[in-house]
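Below is one structure, written out as structure tokens; the observations come after it.
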Amino acid sequence: MSRAALPGFRDFYPQELAERAYVMNAWREVAGRYGFVEYDGPPLEPLELYTAKSGDEIVGQLYVFEDKGGRKVALRPEMTPTFARMVGAKLNALRKPVRWFSTPQLFRYERQQKGRLREHFQLNVDIVGEPDVAADAELLALAIDVMREVGLTASDVRARVSDRRLIGALLAHFEIAEKDHPLVYAVLDKLDREPRAALEKRLTDGGVAPHAVRSLFEAVGSKSLDELRTRLGGVRALDGHFETMTRYFELLRALGVDDWVRLDLSVVRGLAYYTGIVFELFDTAGEFRAICGGGRYDDLLATLGGTPAPALGFGMGDVVLGELLRSRKLMPALEPALDYWVASDDEALLSDVMTVAARLRGGGHSVEYSLRPQQLARQLKAASSAGAAQVVILLRDQWSGGAGTMTVKTLADGSERVVRGDELFNFPV
RNA sequence: GUGGCUGUAGCUCAAUUGGUUAGAGCACCGGUCUGUGGCACCGGGGGUUGCGGGUUCAAUUCCCGUCAGCCACCCCA
């Protein structure tokens with residue numbers, strides 16, 4: 001019988017847990033800076049919560065089972081349905097726009113790969129009740145500020161943005177039938193991974209007219225909004241979408257993140273529920289999977305049976321971000337740290353050592369000492385490797401049963417001073 | 001779920017064409033050192049060579065299966 005963790009699940013040793021905490025602290029810090037408040041929901045949900053939105057095929061990627069009450073339940077694979085339920089239930093009572101975030105552990109039963117496990121932690125940030133593109137800009141700026149918070153720069157990470165409505169209008173303009181849109185989205189998604197000729201063939205084989213395919217690839221090849229506008233500026237049906245995008249970029253500049261952002265119409269996002277601006281964050285070297293992805297999903301709350309309300313959000317996993325930080329040497333190492341180590345040259349003084357330690361701990365200090373008799377040299381060594389700032393040494397000849405003094409040694413410079421017991425306990429940290 | 005590559009100590013790696021008891025560095029524990037840490041030297045623990053089977057006088061080495069990891073699909077967080 002194997003004692004290893006299940007495939008795709010992680011044991012968090014202290015170093016790994018410190019890394020996880022570092023990333024999650026950055027999430028909380030930045031989300032708080034934008035005025036978002038944290039919430040959480042159950043890790044186990046009714047299966048229907050997920051099948052209602054995404055259909056039965058998603059069941060193959062869920063941890064599903066029947067509980068003892070005969071309910072079909074699933075470990076949560078994403079946070080959005082839970083969020084939609086919670087917000088939907090109290091939408092009228094909540095101050096709008098709702099700005100909530102969460103850092104759930106999510107589960108998905110899939111073949112694992114680098115950057116993709118069966119379990120991960122994910123920052124979820126959502127805004128409900130604000131249709132204006134200003135909310136889209138605010139959301140992306142928050143995601144980018146998380147990158148800054150952990151030391152990444154615009155040369156490490158790029159945000160690619162697109163707009164489902166703009167794409168939809170383009171397809172209509174090129175007279176591509178509604179029924180072909182799913183195929184077109186699938187092809188766009190593969191634009192930088194498969195040869196263009198093969199993708200064109202897939203579209204024409206699927207029944208899309210060759211001239212429409214050509215126009216589509218030209219438009220999607222635009223590297224900036226200006227370029228796209230120049231190409232299709234005369235098309236009245238697109239004007240509104242161009243205005244929205246233009247404003248979006250202006251607001252991103254106002255928020256100081258425009259350096260990070262590029263228009264990229266090949267960003268589709270797999271999830272069917274996105275309705276407007278969508279975005280992804282990638283490492284510029286193209287070494288890792290997407291760090292983050294999100295967008296506007298104005299219809300989702302209504303789809304899930306709640307009150308209709310405009311909404312948008314993103315998810316950012318801890319796995320890819322962690323890999324990126326480690327590869328860029330931006331992940332802090334776990335440094336052992338301790339305020340005091342209490343040592344003695346006489347094992348008979350162990351109870352005195354413990355009393356001194358208890359007094360120091362009572363003063364809010366972190367304190368360790370050797371739990372078994374050890375040579376003084378060994379205790380100093382242990383103190384050093386435990387990261388102790390100071391060592392309190394009880395020497396048989398000085399201590400004289402508690403009536404005398406102790407030596408306090410600062411490990412960084414080796415300096416020592418001799419103090420009485422009551423003095424020590426008044427020391428600042 | 002499909003296909004490919006890879007599995008030797010906690011980590012990084014050795015081990016002749018298949019040939020004694022599978023080694024080294026780092027890490028860990030201890031000794032030199034019962035008034036003082038980081039260094040040095042010495043020593044110790046730790047391996048069913050992922051697991052199971054096969055071929056062979058003999059398998060870490062060759063073959064098959066399986067599990068795990070990585071990669072590409074699929075799908076997406």
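In what follows, chains carry the letters A, B, and so on, assigned in the order in which the sequence lines appear, proteins first and then strands, with residues in each chain numbered from 1.
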Handout entry: Whole-Å C1' distance, B:G43 and B:G19
Key = 31 Å
Problem - Under 3.5 Å on both distances, the Watson-Crick or G-U partner of B:C62 - result: B:G54
Handout entry: A:His120 NE2 - B:C76 P separation (whole Å)
Key = 14 Å
Problem - Atom-to-atom span, CD of A:Gln379 to P of B:G31 - whole angstrom - result: 12 Å
Practice task
In whole angstrom, give me the gap between the C1' atoms of B:C11 and B:A72.
Solution key: 29 Å
Exercise for the section: Taking only Lys NZ, Arg NE, NH1 and NH2, and the carboxylate oxygens of Asp or Glu, determine whether A:Glu78 and A:Arg108 approach each other closer than 4.0 Å. Expected result: no
Exercise for the section: Give, for atom CZ of A:Arg10 and atom CD of A:Gln105, the distance between the pair rounded to the nearest 0.5 Å. Expected result: 7.5 Å
Problem - Ion pair check, A:Glu110 and A:Arg116, cut-off under 4.0 Å - result: yes
Problem - Pairwise P distance for B:C5 and B:G65, with rounding to whole Å - result: 12 Å
Practice task
Apply side chain to side chain contact (heavy atoms under 4.5 Å, CB included) to A:Asp163 and A:Ile167, showing your working.
Solution key: CA-CA 6 Å; A:Asp163 183 345; A:Ile167 297 278; 5.9 Å; no
Problem - Nearest-Å distance once atom C1' is located in both B:A24 and B:G50 - result: 22 Å
Exercise for the section: Rounded to the nearest angstrom, tell me the gap between atom CD in A:Glu16 and atom P in B:C11. Expected result: 12 Å
Practice task
Taking the six-membered ring for Trp and the full ring for Phe, Tyr or His, determine whether the centres of A:Tyr39 and A:Phe83 are under 6.0 Å apart.
Solution key: yes
Completion exercise
When rounded to whole Å, the NZ to C1' distance for the pair A:Lys114 and B:C71 reads 10 Å
Practice task
May I ask you to decide whether A:Arg28 forms a salt bridge with A:Glu38, counting only side-chain N to carboxylate O separations under 4.0 Å?
Solution key: yes
Practice task
Flag the pair A:Asp205 and A:Arg202 as a salt bridge only when some basic side-chain nitrogen lies within less than 4.0 angstrom of an acidic carboxylate oxygen.
Solution key: no
Exercise for the section: Please state the C1' separation for the pair B:A9 and B:U48 - nearest whole angstrom. Expected result: 13 Å
Exercise for the section: Answer with base, sugar-phosphate or nothing: what part of the nucleic acid does A:Arg372 contact at a heavy-atom distance below 4.0 Å? Expected result: sugar-phosphate
Exercise for the section: Could you give the distance separating B:C29 and B:C71 at their C1' atoms, to the nearest angstrom? Expected result: 40 Å
Exercise for the section: For A:Phe101 and A:Tyr34, run ring pair (Phe, Tyr, Trp, His ring centres under 6.0 Å): C-alpha distance rounded to whole Å, both residues' side-chain angles, the deciding distance at 0.1 Å, then the answer. Expected result: CA-CA 11 Å; A:Phe101 78 99; A:Tyr34 279 72; over 10 Å; no
Problem - Closest-nucleotide ordering on RNA chain B, the 5'-leading residue of A:Glu119 and A:Ser385 - result: A:Ser385
Problem - A:Asp283 side chain to A:Phe288 backbone, donor-acceptor under 3.5 Å - result: yes
Practice task
Quote, to the nearest angstrom, the C1' distance that separates B:G47 from B:U2.
Solution key: 35 Å
Exercise for the section: Quote, to the nearest angstrom, the C1' distance that separates B:C13 from B:U56. Expected result: 29 Å
Problem - 5' priority, RNA chain B, between A:Leu6 and A:Leu117 [closest heavy atom] - result: A:Leu6
Handout entry: Counter-base of B:C70, judged by Watson-Crick or G-U geometry with both distances under 3.5 Å
Key = B:G4
Handout entry: Rounded distance in Å - CG (A:Leu62) to P (B:C75)
Key = 16 Å
Below 3.5 Å is the cut-off: list the nitrogen or oxygen pairs between protein and nucleotides 72-74 of chain B, distance only.
from  : atom 1 : to       : atom 2 : distance (Å)
B:A72 : OP2    : A:Gln113 : OE1    : 3.3

Which atom pairs link the protein and nucleotides 34-42 of chain B when you take only N or O atoms and keep those under 3.5 Å?
from  : atom 1 : to       : atom 2 : distance (Å)
B:G35 : O6     : A:Gln398 : NE2    : 3.3
B:U36 : O2     : A:Lys409 : NZ     : 3.0
B:U36 : O2     : A:Glu416 : OE2    : 3.4
B:U36 : N3     : A:Glu416 : OE2    : 2.9
B:G37 : O6     : A:Leu411 : O      : 3.3
B:G37 : N1     : A:Leu411 : O      : 2.5
B:G37 : N2     : A:Leu411 : O      : 3.3

Fill in the blank from the handout: Scanning all shown strands, the Watson-Crick or wobble mate of B:U21 with both distances under 3.5 Å is none
Completion exercise
Any strand, both distances under 3.5 Å, Watson-Crick or G-U wobble: B:C26 pairs with B:G10
Practice task
Using a heavy-atom cut-off of under 4.0 Å over every strand shown, decide if A:Gly294 touches base, sugar-phosphate, or nothing.
Solution key: nothing
Handout entry: A:Arg196 atom CZ: more than 12 heavy-atom contacts under 6.0 Å
Key = yes
Problem - Check ion pair A:Lys72-A:Glu48 (N to O, under 4.0 angstrom) - result: no
Completion exercise
Under a 3.5 Å limit on both distances, the Watson-Crick or wobble mate of B:C75 is none
Problem - A:Tyr50 OH to B:C76 C1', straight-line distance once rounded to whole Å - result: 16 Å
